[in-house]
Amino acid sequence: MKVKPRLVKGTRDFLPEQVNKRKYILNTIQTVFKKFGFQEIETPAIELLETLTGKYGEEGDKLLFKILNSGDFLSKADDQHLQEKDSKAITASISEKGLRYDLTVPLARYVVQHQNELNFPFKRFHIGPVWRADRPQKGRYREFFQCDADIIGSTSLLNETELTLILAEAFEALGLSVKIQLNNRKILEGIIETVGVSEQYKEILIAIDKMDKIGEEGVTNELQNLQLTAEQITELFALFSITDLHALANSFKDKSAIGEEGCEEMTSILNKCSKKNVVFAPALARGLDYYTGTIWEVVVNDVAMGTIAAGGRYDNLTEMFGGQNMSGVGISFGIERIYDVLEELNQWPADITTSTKVLIINFGNEGENVGWQLLQSLRNSNIPSELFPDDAKLKKQMSYADKKNIPYVIFIGEEEIKTGKYSLKAMTTGEQNVLGLEELIEVLK
RNA sequence: GUGGUUGUAGCUCAGCUGGUUAGAGCGUCGGUUUGUGGUUCCGAAAGUCGCCGGUUCGAACCCGGUCUUCCACCCCA
């Protein structure tokens with residue numbers, strides 16, 4: 001049976017060059033993580049649905065990929081739901097596993113499960129694919145990679161500062177000019193409390209978060225739909241535009257203790273982190289349901305791409321798994337978007353697609369045998385090298401090297417066999433030299 | 001999940017209001033070049049026009065369904 005080769009919606013294949021580029025991003029970020037003392041962990045792609053469900057809000061639950069139970073699952077299915085063809089209700093009796101939606105909830109599970117084996121404060125990073133049954137759009141896929149660093153078990157604000165520095169350093173290493181925006185859920189809560197509309201905290205946040213997209217007018221509209229009065233809306237906008245922490249703390253005085261606390265936290269973080277591109281953004285609301293303190297959002301300058309990294313502090317996540325209350329704080333790099341940005345700016349290192357240093361041209365027979373011996377010597381000297389496997393046309397072999405971005409080729413013909421030397425050609429300049437083994441290794445090293 | 005949009009050679013796209021054997025550029029392969037790639041020049045292969053069904057004497061083109069792409073909403077990396 002012949003099948004047409006095609007991909008699942010929202011997933012992609014990666015060509016070797018793309019993998020090189022992705023690895024470059026990951027390695028760059030990883031190096032920074034390690035420099036700051038983070039250790040890498042791994043968890044399964046599949047988790048129990050009970051682990052995942054209810055952590056991302058109702059919307060998030062809908063986007064979970066569920067896995068059908070093995071075996072004769074229908075015989076164990078709930079009969080009534082089956083009869084009624086109630087897809088939503090039947091799920092519980094035919095599916096108990098799902099694909100992870102992010103790396104943070106699995107981390108919470110992991111930390112509680114291994115709390116006696118871990119060394120706290122636990123600083124880990126985790127890179128891996130996650131899945132969301134979202135409708136794909138540009139830069140949004142159903143399978144994508146997350147690249148997270150989190151600190152569990154410490155409420156110190158030093159951690160926030162460290163993560164901010166990691167963001168700054170990683171993007172600097174990638175050669176990207178970014179703006180790192182910070183806010184605090186406590187400040188948001190304070191603003192909303194001060195205006196006296198706390199019952200609609202979540203809805204208001206969602207509306208405020210759209211500021212960039214739909215503008216002040218659009219947000220006003222949404223707030224009116226939430227039955228806020230004109231005075232309340234005016235007051236909200238006024239508070240959300242105060243970027244001076246001192247002034248903001250003053251407006252919280254005697255009105256919102258939590259707001260004041262948020263201002264204190266924010267001040268403390270920023271004082272230890274005097275980078276120019278780190279700014280307090282009071283209207284920044286973005287973040288998942290579980291964030292409780294500081295939140296981050298990083299946007300690139302010069303490219304319309306939106307957020308390329310985000311994060312926040314979450315105080316209650318481990319509680320859901322019966323663990324003692326351990327606060328966590330973490331950031332996540334949107335590597336798919338970072339890739340697109342680097343691509344658009346063509347900001348890749350020059351040697352990104354080079355892996356093999358030298359190709360030995362195959363002229364067959366004796367040349368091949370000599371080439372084979374040479375190949376072993378080169379590899380013993382740690383020079384990434386290949387021998388073309390077929391006695392193919394020279395044109396074919398040369399263009400193979402060309403396409404693979406191999407900087408050197410070696411010719412071994414009659415002349416070279418006789419003298420025991422090799423002709424080394426530099427592909428970029430066309431320059432060609434006859435060298436002995438020692439010299440050859442010296443040049444290629 | 002809601003509304004819209006896209007789908008023609010490996011890739012990017014033409015194909016006028018439905019009319020006989022569906023085109024181009026790039027790429028691939030072969031030759032020009034019997035030990036020198038990235039430039040020329042010549043030639044070739046390659047498409048049941050996303051899939052299924054319908055209307056019609058006749059469909060890449062019209063209609064319905066389905067899948068896919070992208071966009072907006074929801075939400076989000």
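As a basis for the values below, the full set of heavy atoms in this structure was taken, side chains included, without hydrogen atoms, waters or symmetry mates. Chain identifiers are assigned alphabetically (A, B, ...) following the order of the sequence lines, protein sequences preceding nucleic acid strands; residue numbering begins at 1 within each chain.
Cation-pi geometry between A:R313 and A:Y291 is not met at under 6.0 angstrom from the ring centre and within 45 degrees of the axis. For A:R109 and A:F321, the positive end is not near the middle of the six-membered ring at less than 6.0 Å and at most 45° from its axis.
For A:L7 and A:E222, each mapped to the nucleotide of RNA chain B holding its nearest heavy atom, the one lying further toward the 5' end belongs to A:L7.
Of the nucleotides present, B:U12 is the one that pairs with B:A24 by Watson-Crick or G-U wobble criteria, both distances under 3.5 Å. Base pairing annotation: B:U66 forms a Watson-Crick or G-U wobble pair with B:G50, both donor-acceptor distances under 3.5 Å.
Rounded to an integer number of Å, the gap from CG of A:D13 to P of B:U69 is 13 Å. When the P atom of B:G30 is taken as reference, atom NZ of A:K393 falls 6 Å away, rounded to whole Å. For the pair A:D391 CG and B:G35 P, the interatomic distance rounds to 10 Å; values are reported in whole Å. Counting to the nearest Å, the P atom of B:U36 and the CD1 atom of A:I406 are 19 Å from each other. In this structure, A:M427 atom CE and B:U39 atom P are separated by 12 Å, rounded to whole Å. Rounded to an integer number of Å, the gap from CZ of A:F363 to P of B:U34 is 13 Å. For A:I127 and B:A77, the CD1 to P distance is 17 Å, given to the nearest whole Å. Straight-line distance from the NZ atom of A:K425 to the P atom of B:G35: 15 Å, rounded to whole Å.
Taking only distance into account, the side chain of A:R140 meets the base of B:C75 through a donor-acceptor pair shorter than 3.5 Å. Judged by distance alone, with hydrogens and angles left aside, A:Q432 brings a side-chain donor or acceptor within reach of the base of B:U36, the pair sitting under 3.5 Å. For B:U2, the base has a donor-acceptor partner in the side chain of A:R135 [N/O atoms by modelled type, under 3.5 angstrom]. A:Q397 contributes no side-chain N or O that forms a donor-acceptor pair with the base of B:G35 under 3.5 Å. No hydrogens or angles were tested; on distance alone, nothing pairs the side chain of A:D402 with the base of B:G38 as donor and acceptor under 3.5 Å.
Closest to the side chain of A:P136, out of B:A77, B:G35, B:C70, is B:C70.
Rounded to whole Å, the C1' atom of B:U2 lies 13 Å from the corresponding atom of B:C75. Here the separation of B:G47 from B:A22, taken at their P atoms, is 12 Å to the nearest Å. Nucleotides B:C49 and B:U21 place their C1' atoms 15 Å apart, quoted to the nearest Å. Comparing the C1' positions of B:C73 and B:U55 gives an interatomic distance of 36 Å, to the nearest angstrom. Separation of the P atoms belonging to B:U68 and B:C57 is 35 Å when rounded to the nearest angstrom. Taking atom P in both B:A14 and B:G58, the straight-line distance is 29 Å, to the nearest Å. For B:C29 and B:U39, the P atoms lie 13 Å apart once the distance is rounded to whole Å. Taking the C1' atom of each, B:G50 and B:A59 are spaced 16 Å apart, rounded to whole Å.
Note: A:W348 and A:Y24 have perpendicular aromatic rings, judged against thresholds of 30 and 60 degrees for the angle between ring planes.
With hydrogens and angles left out, the side-chain atoms of A:E160 and A:T294 include a donor and acceptor closer than 3.5 Å. Between the side chains of A:Y400 and A:K396, not a single donor N or O lies within less than 3.5 Å of an accepting N or O. In this model, a donor atom of one side chain and an acceptor atom of the other lie less than 3.5 Å apart for A:E386 and A:T356.
Using a 4.0 Å heavy-atom cutoff across all strands shown, A:T104 reaches no nucleic acid atom at all. Within 4.0 Å of A:G10, counting heavy atoms only, lie sugar-phosphate atoms of the nucleic acid but no base atom. At the heavy-atom level, A:K9 lies under 4.0 Å from the strands shown only through sugar-phosphate atoms. Residue contacts for A:I206: at a heavy-atom cut-off of 4.0 Å it reaches the sugar-phosphate backbone alone, with no base atom in range. At the heavy-atom level, A:E416 lies under 4.0 Å from base atoms of the strands shown. Among the heavy atoms of the strands, none lies under 4.0 Å from A:G60. Residue A:S332 is out of contact with every strand shown, counting any heavy-atom pair closer than 4.0 Å.
Remark: A:N184 CG to A:L284 CG distance equals 10.5 Å, nearest 0.5 Å.
Between B:G38 and A:K396, no contact under 4.0 Å exists linking OP1 or OP2 to a side-chain N or O. The side chain of A:Q137 contributes an N or O atom lying less than 4.0 Å from OP1 or OP2 of B:A72. Contact annotation: A:K210 side-chain N/O to B:C75 OP1/OP2 distance is under 4.0 Å.
A:Q146 places no side-chain N or O within donor-acceptor distance of the main-chain N or O of A:F333, the cut-off being under 3.5 Å.
By the 5.5 Å and 30° criteria, A:F333 is not stacked with the base of B:A77.
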